[in-house]
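Please read the structure below before turning to the comments.
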Amino acid sequence: MKVGIFGGTFNPIHNGHLLIAENAYDQFNLDRVVFLPTGKSPHKQDKTVLNGNIRCELVASAIKDIPYFTYDRKEVDSEKVNYTFETLEYFHQLHSDWEMYFIMGADSLLYFDKWVKPEVILKHSTVLIAARDHVEQDGIRKRIQEITNNLGGAMDVILTPEFNVASRDIRTRVAKKESIRFLVPEDVRAMIMEEKLYSDLEIH
């Protein structure tokens, strides 16, 4: 079974995340994409990050109508800092039939070789990087070549339509009482509004 593992803070999940997952599913003939909200991240210790349970609820509501999208609470339920190589080792042991594809954004590629045990990530998965345009794609492919020459393994590019939005933009718009309609799934927007999520953030 070919399974995409899409790790991220998802704070909140938005339509850009779903576009990446959908294009990975199509382009690499995946059977399933598993969204993996981060728990305690080694990279992000940010006070604006919502409780993991709430982020999982947002992810669940965003993907509920898509049968080949699911999510996993493994990192959210963990008490310790989560490292990607450990998570992939865990999935490898639990699901020996999975051929894993680890999905990440282009920004993470810049320092991927500085992550803890990136060679283990490449051992257990093909790493897929989301590229938004052809200019970005050229730089990504060059960086991929550098990393795989040094560490081995396989990396490839997910081509996605241009959708220039980030979770930070969503949080800022909510705090400023600006509309986020069409930037996030409607159920996610409704939950953010009803629960007043992000509404008390300080805008810098």
Side-chain angles (χ1 to χ4, degrees), residues 1-39 41 43-44 46 48-76 84 87-88 91 98 100-109 125-134 136-137 140 155-174 178-195 197-198:
M1 179 182 286
K2 297 174 72 172
V3 179
I5 308 293
F6 193 177
T9 313
F10 302 120
N11 185 45
I13 190 169
H14 56 67
N15 287 341
H17 294 130
L18 299 177
L19 274 171
I20 290 170
E22 178 74 6
N23 283 274
Y25 174 81
D26 277 347
Q27 290 167 32
F28 294 92
N29 298 309
L30 304 181
D31 296 295
R32 181 187 308 168
V33 176
V34 179
F35 288 76
L36 184 74
T38 55
S41 168
H43 306 297
K44 292 185 180 180
D46 188 340
T48 66
V49 176
L50 289 181
N51 172 280
N53 291 325
I54 297 174
R55 287 183 287 117
C56 282
E57 283 183 40
L58 292 171
V59 169
S61 82
I63 66 175
K64 69 180 189 327
D65 295 324
I66 307 168
Y68 47 85
F69 285 177
T70 184
Y71 76 100
D72 193 285
R73 294 181 53 97
K74 185 220 179 290
E75 292 195 353
V76 165
T84 299
T87 299
L88 293 184
F91 283 138
W98 281 12
M100 289 189 286
Y101 292 74
F102 182 71
I103 300 166
M104 67 183 193
D107 53 342
S108 298
L109 184 65
S125 69
T126 298
V127 176
L128 303 181
I129 295 93
R132 285 192 294 266
D133 55 49
H134 291 292
E136 188 178 51
Q137 187 190 149
I140 287 171
M155 307 178 94
D156 210 334
V157 176
I158 310 164
L159 300 177
T160 61
E162 187 70 35
F163 186 82
N164 194 20
V165 67
S167 293
R168 180 184 299 152
D169 302 329
I170 306 295
R171 298 193 299 269
T172 299
R173 292 181 72 86
V174 172
E178 295 174 353
S179 173
I180 57 171
R181 196 184 299 275
F182 309 123
L183 298 177
V184 299
E186 183 57 23
D187 286 351
V188 171
R189 187 193 71 84
M191 191 180 301
I192 289 172
M193 296 298 104
E194 287 167 12
E195 303 294 330
L197 305 177
Y198 308 114

Sub-4.5 Å side-chain heavy-atom contact between Pro37 and Ile13: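 No, their side chains stay 4.5 Å or more apart.
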Check: Arg55 and Val49 side chains under 4.5 Å, non-hydrogen atoms: yes
Looking at every heavy atom in both [X] and [Y], which two are closest together, and how far apart are they?
| X | Y | answer |
| --- | --- | --- |
| Pro12 | Ile170 | CG-CG2, 3.6 Å |
| Ala131 | Ile140 | CB-CD1, 3.6 Å |
| Thr48 | Tyr198 | O-CE2, 4.1 Å |
| Ile103 | Ala24 | CD1-CB, 3.8 Å |
| Ser125 | Leu88 | OG-CD1, 3.6 Å |

I'd like to know if the side chain of [X] reaches the main chain of [Y], judged simply by a donor and an acceptor atom lying under 3.5 Å from each other, with no hydrogens or angles considered.
| X | Y | value |
| --- | --- | --- |
| Asp156 | Thr126 | no |
| Gln27 | Leu159 | yes |
| Lys74 | Leu36 | no |

Test log, rule side-chain contact (heavy atoms from CB on, under 4.5 Å), inputs Leu58 and Asn11: CA-CA 9 Å; Leu58 292 171; Asn11 185 45; over 6 Å; no
Output all residues satisfying ring-ring contact (aromatic ring centres under 6.0 Å, His included) with [X], sequence neighbours left out; order by chain, then residue number.
| X | value |
| --- | --- |
| Tyr25 | Tyr68 |
| Phe10 | Phe6, His17, Phe35 |
| Phe91 | Trp98 |
| Phe163 | none |

If you measure from [atom1] on [X] to [atom2] on [Y], what distance do you get to the nearest 0.5 Å?
| X | Y | atom1 | atom2 | result |
| --- | --- | --- | --- | --- |
| Lys2 | Tyr101 | NZ | OH | 3.5 Å |
| Thr87 | Ile5 | OG1 | CD1 | 9.5 Å |
| Met104 | Leu128 | CE | CG | 9.5 Å |
| Ile54 | Met191 | CD1 | CE | 9.5 Å |
| Thr9 | Leu50 | OG1 | CG | 11.0 Å |
| Thr84 | Phe102 | OG1 | CZ | 4.0 Å |

Result block: side-chain N/O donor-acceptor pairs under 3.5 angstrom for residues 178-187, not counting sequence neighbours:
| residue | atom | partner | partner atom | Å |
| --- | --- | --- | --- | --- |
| Ser179 | OG | Arg181 | N | 3.1 |
| Glu186 | OE1 | Arg189 | NE | 3.0 |
| Glu186 | OE2 | Arg189 | NE | 3.1 |
| Glu186 | OE2 | Arg189 | NH2 | 2.6 |
| Asp187 | OD2 | Lys64 | NZ | 2.2 |

Intermediate values then yes/no, side-chain contact (heavy atoms from CB on, under 4.5 Å), Val188 and His14: CA-CA 8 Å; Val188 171; His14 56 67; over 6 Å; no
Pairwise salt bridge (Lys or Arg N to Asp or Glu O under 4.0 Å) hits with a residue in residues 11-33, at least two apart: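 Passing the test, one end in residues 11-33: no pairs.
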Verdict with reasoning, Val3 to Val34, per side-chain contact (heavy atoms from CB on, under 4.5 Å): CA-CA 7 Å; Val3 179; Val34 179; 3.7 Å; yes
Residues Met193, Val174; criterion side-chain contact (heavy atoms from CB on, under 4.5 Å); working and verdict: CA-CA 8 Å; Met193 296 298 104; Val174 172; 4.1 Å; yes
